[in-house]
Amino acid sequence: MSTISGAAIARTLTGYGAFSPFPNAGAQDCISENWGAALSNCSTLQTLVFEAPVDNGGAHTINAWSYGDGYGSFSCNAQSIVGEGGNWGWWGATDTFNPSGKQMRSFSVNVGGGASLRLVCWDVPNNRGVASINFNP
């Protein structure tokens, strides 16, 4: 029996569906779901993390769409964390969502075998967030 391998089909997750609280669990108390988006209702700037499960190593790209209009900019990076644990991994280039909202940005990073892929967004202000992510597994 032979098998045919093809390119993996891209996956799309809502921002709230991919959201993982970081750096402290208390942040989840002021992050809400709004039409699928993970939206910050926090009085302080937040770090939001979005998990993107991958099937194999190699180059991976996450396309992310911002949510919320006119409330400040925030930046994100793709990150790969080594599978065997520890506090190290790889970071992709930074890109910034401007205050106008509803923008798409692409974030890429090389994922080692057994490593994980996620999108990390820094200094997310109140009434801003991530609507959805799309990535190659």
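- With hydrophobic clusters built from ILVMFWY side chains whose heavy atoms lie under 4.5 angstrom apart, F19 does not share a cluster with L39.
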Going through the distances and angles, do N126 and S40 end up as a side chain to side chain donor-acceptor pair (under 3.5 Å)? CA-CA 5 Å; N126 187 325; S40 174; 5.7 Å; no

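- Interatomic distance, R128 CZ to C121 SG, rounded to the nearest 0.5 Å: 10.0 Å.
- Shown here for L48 and G129, the closest heavy-atom pair between the two residues is CD1-CA, 4.5 Å.
- If you look at W91 and W122, their ring centroids are closer than 6.0 Å.
- Side-chain polar atoms of N134 and T12 form a donor-acceptor pair below 3.5 angstrom.
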Using the rule given for side-chain contact (heavy atoms from CB on, under 4.5 Å), can you reason through I62 versus L117, listing the C-alpha separation, both sets of side-chain angles and the distance that settles it, and then say yes or no? CA-CA 9 Å; I62 299 173; L117 174 66; 3.9 Å; yes

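- Counting all heavy atoms, side chain and backbone alike, V111 lies closest to S116 at CG1-O, 4.2 Å.
- F74 and S66 make their closest contact through CZ-CB, 4.2 Å (heavy atoms, listed as atom of the first residue, atom of the second, distance).
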Could you give me the CA-CA distance, side-chain angles and deciding distance for Q103 and N98, then say whether side-chain contact (heavy atoms from CB on, under 4.5 Å) is met? CA-CA 8 Å; Q103 296 176 304; N98 70 41; 2.7 Å; yes

Go through N127 and N41 one step at a time and tell me if the side-chain contact (heavy atoms from CB on, under 4.5 Å) criterion holds. CA-CA 6 Å; N127 290 316; N41 297 304; 4.2 Å; yes

Check against side-chain contact (heavy atoms from CB on, under 4.5 Å), R105 and C76: CA-CA 9 Å; R105 297 283 187 257; C76 302; over 6 Å; no

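- Remark: the backbone N or O of V109 is not paired with any side-chain donor or acceptor of H60 at under 3.5 angstrom.
- Pairing each heavy atom of T14 with each of G36, the nearest pair is CB-O, 3.2 Å.
- With a 4.5 Å cut-off on side-chain heavy atoms, T61 and N136 count as touching.
- Closest heavy-atom contact between P53 and L13: CD-CD1, 4.4 Å.
- Under a hydrophobic clustering in which Ile, Leu, Val, Met, Phe, Trp and Tyr are joined whenever their side-chain heavy atoms come within less than 4.5 Å, directly or via other members, V120 and Y67 fall into different clusters.
- Under the 4.5 Å side-chain contact rule for hydrophobic residues, W65 and F50 do not share a cluster.
- In this structure, D55 pairs ionically with R11, as a charged nitrogen and a carboxylate oxygen lie closer than 4.0 Å.
- Linking ILVMFWY side-chain heavy atoms closer than 4.5 Å, directly or via other members, places F135 and V130 in a single hydrophobic cluster.
- No donor-acceptor pair closer than 3.5 Å links the side chain of N77 to the backbone N or O of Q79.
- S75 pairs in a side-chain hydrogen bond (donor to acceptor under 3.5 Å, both in side chains) with only one of the listed residues (D123, T94, T96), which is T96.
- The shortest non-hydrogen separation linking G112 to S80 is N-OG, 4.0 Å.
- When hydrophobic clusters are built by joining Ile, Leu, Val, Met, Phe, Trp and Tyr residues whose side-chain heavy atoms come closer than 4.5 Å, directly or via intermediates, V124 is grouped together with F107.
- Under the 3.5 Å distance criterion, the side-chain polar atoms of R118 are left unmatched by any main-chain donor or acceptor of A78.
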